[in-house]
Amino acid sequence: MEEDIKFTRNIGFVAHIDAGKTTTTERVLFYSGKVYKIGEVDDGTATTDWMKQERERGITITSAATYCKWQDCNINIIDTPGHIDFTVEVERALKVLDGTIVIFCAVGGVEPQSETVWRQADKYNVARIAFVNKMDRVGADFMGVIEEIRDKLGANAVAVQMPIFEDDSFTGLVDLIKGKAFYFTGKTGKTVKCEDIPAGLRKDALFLRDRLIEKLAELDDEFMNKFIKGSGLNENDFIRVIRENVLSNNFYPVLCGSALKNKGIQPLLDAVCDFLPSPKDLELTKGFVVDKKGTHEKLIDYKGYFCGLCFKIFTDSFVGKLFYTRIYSGTINASSTIINVAKGTKEKITKIVRMHANKQETVKEAKAGDIVCLVGLKNTSTGDTLCDPNHSILIEEIKFPEPVVSMAIEPKTKADQDKLFIALNKLSEEDPSFKVVYNSDTGQNIISGMGQLHLEVLVDRLLSDFRIIARVGKPQVAYKETITKRVESPGRFIQQSGGHGQYGHVVLLMEPQAKGGVCFENKIKGGVIPREFISSVKEGVFDAANSGVLGGYPVIDIKVTLIDGSYHEVDSSEMSFKIAAEIAFKDGLSKAGPVLLEPIMDLEVSTPIGYLSQVIADLNSKRAKIVLISDRKNVKEVKAEVSLREVFNYADVLRNLTQGRASYTMEPFCYGKVPGEIIARILGI
């Protein structure tokens with residue numbers, strides 16, 4: 001296992017939308033021999049964009065897993081979406097990856113979503129190399145992009161390659177480590193020619209190589225001594241220092257190429273093998289063990305007993321649910337019995353498959369470092385830890401953002417009602433950022449997601465993949481409710497009807513808390529309420545929190561503590577305590593100064609300078625808070641925080657303001673209190 005894991009690479013491609021992630025992935029699969037024909041995003045033939053919705057829109061929607069072999073390395077690959085509506089796919093991929101290639105457009109540079117994925121990679125401490133793609137486009141500026149990476153991302157990014165242009169056409173690249181020029185010939189660029197650096201480029205290449213040596217010498221004393229003594233730096237010296245500092249996130253090598261024109265991908269694969277880590281190279285993953293002494297931290301060694309994290313679920317029409325799992329330690333086979341640590345239930349594996357986009361290859365076993373799909377699990381959800389039954393350890397779960405856009409959906413016929421319920425459950429299992437709540441007042445299912453495109457795609461899947469006939473409302477802002485003060489709230493549900501009655505009595509302490517949904521804590525002592533009824537109280541609280549008292553919106557940012565109550569030896573039941581908790585919660589909400597919250601978006605507009613004043617004036621009229629106005633090449637960038645309600649159809653507004661010359665990106669930032677004068681309009685009072 002130790003030798004195998006040394007040659008394993010778990011990598012992902014992340015970037016701003018349309019930077020070329022899927023096109024690059026396609027070339028990687030082609031040059032490594034995994035596929036024998038290059039697919040194209042624009043033609044709807046890309047391997048990893050296999051969903052109908054992806055091929056229709058020409059964008060990646062769900063992260064696709066595949067694998068290939070290059071040199072001696074087995075490379076597991078996850079191609080992620082670039083659109084902000086599907087940022088959850090990036091989040092859960094980065095949780096389980098060891099390294100990633102961050103792709104930048106040679107013309108667009110560091111775009112807003114580039115900053116988002118870089119921050120996400122920082123969060124999970126993922127090693128990175130940068131690939132500046134689209135060097136064939138007019139206006140490509142390799143060194144300019146590197147400067148942006150350094151300035152905007154605060155990264156120690158340094159070129160290890162240099163592009164070669166002939167008559168303004170991108171023809172090849174100079175490898176600054178090898179000191180050679182490389183050209184990619186033939187229709188598919190499969191033949192790589194190595195030549196001396198052209199005479200006209202030697203001065204620039206020497207300058208950039210000296211800069212690379214200088215940066216590496218700052219990071220490694222041995223490298224510096226070799227350089228100072230003039231004893232000769234060889235290729236292995238460069239690779240050693242770069243690799244060590246990529247692993248510690250102190251250095252980010254920058255490569256260049258054009259995936260669409262089949263140039264620069266083979267050296268990128270070499271860099272994956274040379275610079276990015278194997279699971280063996282990284283710090284051991286932290287887990288938590290719960291025993292008689294309490295909860296304590298423990299490191300997961302890949303040589304230990306089986307432990308894996310389910311990071312994604314997908315429903316396949318033929319084999320059922322596929323549980324995408326990263327294995328951190330040990331080995332399992334297709335007949336293993338494992339335990340779901342989060343839920344405390346045993347699971348039986350019936351099959352293990354490796355994924356190549358939507359195609360499956362059955363394998364007999366999987367070991368530490370592998371990313372596979374398990375089949376046959378019954379009670380596992382995204383983020384659950386799976387372990388050897390006798391050696392339980394819990395990996396920290398993945399945290400997902402709150403959805404910001406909602407819409408109503410209801411079946412057209414009663415026959416479709418059950419089908420819709422099953423389909424919505426399947427989709428919410430697959431996508432943790434997709435929420436479903438039943439509104440008992442209107443009899444509608446309210447679905448919520450990360451944006452209009454997110455919901456549009458999910459509704460399309462309901463109608464086409466699950467063949468459900470349904471009526472769909474217009475997208476609406478997903479408001480929330482919370483409280484502003486601390487209150488104690490009693491709740492009683494008492495019914496006497498001559499025979500067996502109902503008796504439930506609880507007292508809840510309700511108080512505001514920092515961001516984070518609804519938190520429940522039990523502080524009952526001395527058996528005031530029997531232990532078997534506590535879970536019913538908790539269930540009642542969470543059910544009641546689905547609908548607030550102002551507009552029926554879900555309640556967030558609140559801590560609920562069960563502090564007192566009473567019970568009847570005969571009449572008390574789980575149902576009576578659940579209802580008592582709902583009564584106490586609703587009553588407490590009314591007394592605790594309820595307020596309405598709205599999603600605040602992080603908006604970034606890129607506009608020609610001639611339209612700046614119009615853009616600013618419009619944002620000011622929308623209650624936006626202008627955070628920063630900066631220069632970027634020949635445009636102005638405006639960063640603002642603005643209510644989603646005010647920019648719900650911003651694409652049309654911005655197009656009209658700037659004659660279609662400005663662009664924008666938007667992502668959820670936080671939930672903020674709705675101003676008093678706006679509440680009346682929202683609630684219709």
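Please read these numbers as outputs of a predicted model, since none were measured by experiment. Numbering starts at 1 and runs along the sequence shown.
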J.: Quick one: pull up CZ in Phe520 and OG in Ser535 and give me the separation to the nearest 0.5 Å.
T.: 9.0 Å

J.: Evaluate His454 against Val405 for side-chain contact (heavy atoms from CB on, under 4.5 Å), listing each step before the verdict.
T.: CA-CA 9 Å; His454 185 202; Val405 176; over 6 Å; no

J.: Does the Lys NZ or Arg CZ of Arg326 fall within the cation-pi geometry relative to Tyr328 - under 6.0 Å from the ring centre and within 45° of the axis?
T.: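 Arg326 over Tyr328 ring: yes.
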
J.: What closest approach, in Å, do Arg27 and Ala259 show between heavy atoms, and which atom pair accounts for it?
T.: NE-O, 2.8 Å

J.: Determine whether Asn249 and Arg128 make a side-chain contact, defined as any pair of heavy atoms from C-beta on separated by less than 4.5 Å.
T.: yes

J.: Do any N or O atoms from the side chain of Asn262 and from the backbone of Lys190 form a donor-acceptor pair under 3.5 angstrom?
T.: no

J.: Please tell me if the side chains of Pro554 and Lys435 come closer than 4.5 Å, counting only heavy atoms from C-beta onward.
T.: no

J.: Give the minimum heavy-atom separation between Val518 and Ala545, together with the two atoms involved.
T.: CG2-CB, 3.8 Å

J.: To the nearest 0.5 Å, how far apart are CG in Asp460 and CG in Leu455?
T.: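 Reported to 0.5 Å precision, the distance equals 12.5 Å.
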
J.: I'd like to know if the side chain of Thr23 and the backbone of Leu260 have a donor-acceptor N/O pair within less than 3.5 Å.
T.: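 Here the side-chain-to-backbone pair does not exist.
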
J.: Counting only heavy atoms from other residues, nucleotides and ligands, does the tally under 6.0 Å from NZ of Lys538 exceed 12?
T.: no

J.: I'd like to know if the side chain of Thr8 reaches the main chain of Ser278, judged simply by a donor and an acceptor atom lying under 3.5 Å from each other, with no hydrogens or angles considered.
T.: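 Pair absent, no side-chain N/O of Thr8 close to backbone of Ser278.
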
J.: Under 3.5 Å, is there a donor-acceptor pair between the Ser381 and Lys343 side chains?
T.: yes

J.: Please confirm whether the backbone N or O of Ala342 pairs with a side-chain atom of Asp384, one donor and one acceptor, at under 3.5 Å?
T.: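 Looks like no, no N/O pair under 3.5 Å.
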
J.: Has Thr66 got a side-chain atom pairing as donor or acceptor with Ile77's backbone, closer than 3.5 angstrom?
T.: no

J.: For Phe542, does the CZ atom have more than 12 heavy-atom neighbours from other residues, nucleotides or ligands under 6.0 Å away?
T.: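 Atom CZ in Phe542 is packed in, count exceeds 12.
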
J.: Less than 4.5 Å apart, any side-chain heavy atom of Lys378 and any of Thr345?
T.: no

J.: So among Trp118, Phe104, Phe275, which one has a ring-ring contact (aromatic ring centres under 6.0 Å, His included) with Tyr252?
T.: Trp118

J.: Nearest 0.5 Å please: distance from the CG atom of Leu276 over to the CG atom of Asp98.
T.: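 Here the interatomic distance stands at 9.0 Å.
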
J.: Are more than 12 heavy atoms from other residues, nucleotides or ligands located less than 6.0 Å from atom OH of Tyr124?
T.: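 Yes - once you tally the heavy atoms of other residues, nucleotides and ligands closer than 6.0 Å, there are more than 12.
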
J.: Are more than 12 heavy atoms, taken from residues, nucleotides or ligands other than Glu244, located less than 6.0 Å from that residue's CD atom?
T.: yes

J.: Other residues, nucleotides and ligands only: do more than 12 of their heavy atoms fall within 6.0 Å of CG on Leu463?
T.: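 Atom CG in Leu463 is crowded, with more than 12 foreign heavy atoms closer than 6.0 Å.
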
J.: Check step by step if salt bridge (charged side-chain N to carboxylate O under 4.0 Å, His left out) holds for Lys312 and Glu89.
T.: CA-CA 9 Å; Lys312 177 181 167 109; Glu89 294 287 337; 3.2 Å; yes

J.: With a 4.5 Å heavy-atom cut-off, do Glu361 and His356 have their side chains touching?
T.: no

J.: Under the rule for side chain to side chain donor-acceptor pair (under 3.5 Å), what residues qualify as partners of Asp301, not counting sequence neighbours?
T.: none

J.: Check the pair Ile352, Ile332 against side-chain contact (heavy atoms from CB on, under 4.5 Å), reporting the backbone distance first and the verdict last.
T.: CA-CA 9 Å; Ile352 303 173; Ile332 49 164; 4.2 Å; yes

J.: For a quick test of reading the model, state the closest non-hydrogen atom pair linking Ala423 to Ile468 and the distance between them.
T.: CB-CD1, 3.4 Å

J.: Could you tell me whether a side-chain N or O of Lys348 sits under 3.5 Å from a main-chain N or O of Ser335, the two making a donor and an acceptor?
T.: yes

J.: Between Phe7 and Asp72, what is the shortest heavy-atom contact and its length?
T.: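 Taking Phe7 first and Asp72 second, the nearest heavy atoms are CB-O, 3.4 Å.
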
J.: Please tell me if the side chains of Phe131 and Ile265 come closer than 4.5 Å, counting only heavy atoms from C-beta onward.
T.: yes

J.: Is any side-chain heavy atom of Cys373 closer than 4.5 Å to one of Arg354?
T.: no

J.: Would you kindly say whether Glu347 and Asn379 are connected by a side-chain donor-acceptor distance under 3.5 Å?
T.: no

J.: Is there side-chain contact between Asp79 and Glu26, with at least one heavy-atom pair below 4.5 Å?
T.: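 Counting from C-beta outward, Asp79 and Glu26 never come under 4.5 Å.
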
J.: Could you state the interatomic distance from CD (Glu396) to CD1 (Ile398), rounded to the nearest 0.5 Å?
T.: 10.0 Å

J.: Quick one: does any side-chain atom of Thr100 pair with a main-chain N or O of Ile11 as donor and acceptor, under 3.5 Å?
T.: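 No: the side chain of Thr100 does not pair with the backbone of Ile11.
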
J.: Does the side chain of Thr116 reach to within under 4.5 Å of the side chain of Asp602, using non-hydrogen atoms?
T.: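 Sidechains of Asp602 and Thr116: no contact.
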
J.: Which is it for Ser392 and Ile339 under the side-chain contact (heavy atoms from CB on, under 4.5 Å) test, yes or no, and what are the steps along the way?
T.: CA-CA 8 Å; Ser392 294; Ile339 189 169; 3.9 Å; yes

J.: Between Leu94 and Ala121, what is the shortest heavy-atom contact and its length?
T.: CD1-N, 3.7 Å

J.: Please find the pair of heavy atoms, one from Ser114 and one from His16, that lie closest to each other, and give the distance.
T.: OG-CB, 3.6 Å

J.: What do the steps show when you test Glu574 against Phe533 for side-chain contact (heavy atoms from CB on, under 4.5 Å), and what is the final call?
T.: CA-CA 6 Å; Glu574 292 179 353; Phe533 297 138; 4.1 Å; yes

J.: Considering residues, nucleotides and ligands other than Lys69, do more than 12 of their heavy atoms fall under 6.0 Å from its NZ?
T.: yes

J.: Within 45° of the ring axis of Tyr302 and under 6.0 Å from its six-membered ring centre, is that where the NZ or CZ of Lys280 lies?
T.: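 No.
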
J.: Which is it for Asp281 and Arg243 under the salt bridge (charged side-chain N to carboxylate O under 4.0 Å, His left out) test, yes or no, and what are the steps along the way?
T.: CA-CA 10 Å; Asp281 295 319; Arg243 181 180 178 79; 2.4 Å; yes

J.: When rounded to the nearest 0.5 angstrom, what distance separates CZ in Phe434 from CD in Glu429?
T.: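 If I round to the nearest 0.5 Å, the distance is 12.0 Å.
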
J.: Do any N or O atoms from the side chain of Asp370 and from the backbone of Lys367 form a donor-acceptor pair under 3.5 angstrom?
T.: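 Indeed, once roles are kept as given, a pair shorter than 3.5 Å links the two residues.
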
J.: To the nearest 0.5 angstrom, please state how far the SG atom of Cys68 sits from the CD1 atom of Ile75.
T.: 4.5 Å

J.: With sequence neighbours left out, what residues match Ser428 under side chain to side chain donor-acceptor pair (under 3.5 Å)?
T.: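 Result, side chain to side chain donor-acceptor pair (under 3.5 Å) vs Ser428: none returned.
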
